[in-house]
A.B. asks: 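The structure follows.
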Amino acid sequence: MKGAFAMKSYWDQTIQTMRPEEVRERQLKLLRRQIQYVYDRAPFYRDLYDRHGLKPHQIQTWDDFRKRVPVFHKDDLRDYQKRTGDPFSGLLCVPRSQLVGLWTSSGTTGLPTLGAYTRTDMATAIEYMTRSYWDAGVRPGQRAFLININFHWLMPLTWGMSRRLGLRPLLFDFGHAMMAERIAQWILDYRPDVIPSITTELATLVPVALRKMGYDPAGVLQDVKMITTMGEALTDTARSNLQLEWGGVTVRDGAGCGEGYVWMFEGSCEHPGAHYWGDIGYVEVLDPDTGEITGEPVGRGELVASNLLVQGVPYVRFGTEDYVEIYDDHCERMGHPYGRILGRSNWRVRVRGEDFLPYDVENVIQRYPETRKAEFFITREAEMQDTLTVSIAYDRDLTRDPDKLLQSLSHALENELRVPVAITWVQPSEIPRPVPHKLQKFVDRSKNH
Amino acid sequence: MGYTWGEAAAVDTQQQQDALMASAFATPFYRHHWVTKPKAWHELPILRDSDLKAGRQNFPENVFGGRLTIPERNLLYIWPPSGALKPDISIYMGMTDDERTHWVDVMTRQWTILGLGAEDVVQVLSWSNDPFVAVLTTAVGGASAYGSPAVDELLGILTVRLELVPSEARRTLATAELLHPAALFADSAHVEAVCQLLGTKTLADLGYRSVVLRSVEWADAKTRIKREKEWQIPVRRILEIPYALGYGLDCERNPEGVHFARDHYLIEVTDDDGHTVTETTGYLTITPLFLRSHPIIRYQSSIKGHFAQHACGCLDDGWLFIPESEGP
């Protein structure tokens, strides 16, 4: 890399290096503006705020915002949609003619809902994506391998980022596990520098495919400088495994909420977790048990997102149902908050008073080659249970003695999680896959009992 | 002294052919393939998939197999049009911003002919390694402020991007129930899957005015009529030649035939030996005149057919090609 590009460590230094208090000041200003904007234009918000006796001018301080502005969820949008027939659930603030793109949610938790972009919104979204990739070290002229899902909100942003950064993109289809061999072949053909969005499952399978094709995966993949994993929280074990299998590649994890314009993407900072851009989105943490927002936007809980600049379909205090951890520490490099998305908030299983997510199990079972693909699910049997029940599929090519493996895994899980664990072996086809690119690692049987 | 419109168009096409030949002959692939500098268009050897694959092996310095006329960095996108599951040598395609603009022009005309216009919602099913969406949807291809508008923005249409696999039919139906799209671009397997979910409703009940079958498979006129009866909706067809960025639309007046925009494509029919035939059946052979970055010249597809012997009665003055096979 030559010249100015090599020297420039921030995409937007003024914004990225704002102090935390400056970020907070800007957020409040933009939230107040956004609340007035949505109240004036979006029937959903007018209805919601009127029912809560809220007028926009009443929001002057953070305290006003926290106490008065109601949180809503996807079900509220579905109800509004059913009641009124409005496909945008009363959120649309501009004439339809100003929209340049629609997208649907992945449908992981029910019927997909709609999102939309105006040209300006799209520029905003591409900006935050570009900023993240720049901070991660992606630079103009690099060969990028774009794996995308056609309906997904990420696709236009990744393509847009690629154009904005001047990458040389090779387009690839749906990141489905069954395409691992094809992807491996195209990596051999194109020799990409960066793979901006690959599911952890697929990233695990590409080296396996290369080995089957007669190549040394680490030898082939050592030319790939960076991969970014998406789709589910990346465990520490998975990261180490990928780095090893991909010949020392840098692994960055990214996750976000399309509606909220909240994108947590690991950049160049050394602390755990990833920044989100506080000048574009605002994140709060909701205790899923009490439904209350924590005082300061830190800690573990449901991610509540507000987008601060969106004109087309703004979200203000939207309960995303993602389970997030926002860190309390300050970063030396950037004043924007940081954290990580750990899974879905309704995928928690409470065992002996402790909450567990699929993430917690995955981190352990990926240490074993036989279960490295992490094809498993945890089961909620009751509101509170004595044992964590885990159903796992093991790799038949690598497993000599399933009984011994089961014993070893149980011991490791109990040791790490400090609760009794019951493992059942299942076939890979028994793991629910609500959409082709995602395994559902949680099953709720509590309602059947 | 002046030209009639037809004569002017012929001169323009000739100039484009000459420019293409000149730039192609500067590439290692065509020097190898043509052997000598070409004098006349019809003397040029035709191009088959096997030639393109051989190019990948003979000229391995990049994925274009010796066909690139410009630096690779000037391409907007690169993609392998072959399906993701075929274990074979891949042929790669690409496009520059300028080529994308030409392609947008082709598709904008097609959508206008299909009666799609301002305030319509259109569902476009595609693969994400398929630049079809980059051409149709500003949200993808134009990437907002950083590129020229795509078909939907030019026509004031809202497109919904969906995945072209039958297992995603539920999403197609869910968005149709919300937005009442005017048209669904899909393949027949996907439409079948949607119809199965419909129960007693019909596609027209959801607001669809037409289904446009997009696929390299070509449904002949009989099959089209059968599907129109089953699905109770007008069915139109696009004939896609992915390795030549070729997109033809069936003729409304003579539905057994396909028109390709004549100012963007040169269409010929050639036989097994690569000779041009005019009155008999042969293979659809196509040259995208706008594709300069890695020319595809006289690409012989596996689609058999012939030219209609009489002028087509519709307003399109392009060739009416009548396919006879189901395609590759």
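Quick note on labels: first sequence line is chain A, next is B, and so on, each numbered from 1.
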A.B. asks: At a heavy-atom distance under 4.5 Å, which candidate from B/Val121, B/Val63, B/Ile157 has the highest pair count against chain A?
C.D. replies: B/Val63

A.B. asks: Does the Lys NZ or Arg CZ of A/Arg139 fall within the cation-pi geometry relative to A/Trp134 - under 6.0 Å from the ring centre and within 45° of the axis?
C.D. replies: yes

A.B. asks: Tell me, out of B/Thr159, B/Asn74, B/Leu179, B/Val160, who's got the most heavy-atom pairs with chain A below 4.5 Å.
C.D. replies: B/Leu179

A.B. asks: Considering only heavy atoms, which portion of A/Arg191 lies under 4.5 Å from any heavy atom of chain B: side chain, backbone, both, or neither?
C.D. replies: neither

A.B. asks: Is the gap between the ring centers of A/Tyr133 and A/Phe265 under 6.0 Å?
C.D. replies: yes

A.B. asks: Establish, for the pair A/Arg143 and A/Tyr190, whether the NZ or CZ atom is under 6.0 angstrom from the six-membered ring centre and no further than 45 degrees off its axis.
C.D. replies: yes

A.B. asks: Verify whether the ring centers belonging to B/Trp111 and B/Phe185 lie closer than 6.0 Å.
C.D. replies: yes

A.B. asks: What part of B/Glu119 is in contact with chain A, defined as an atom under 4.5 angstrom from a non-hydrogen atom: side chain, backbone, both or neither?
C.D. replies: neither

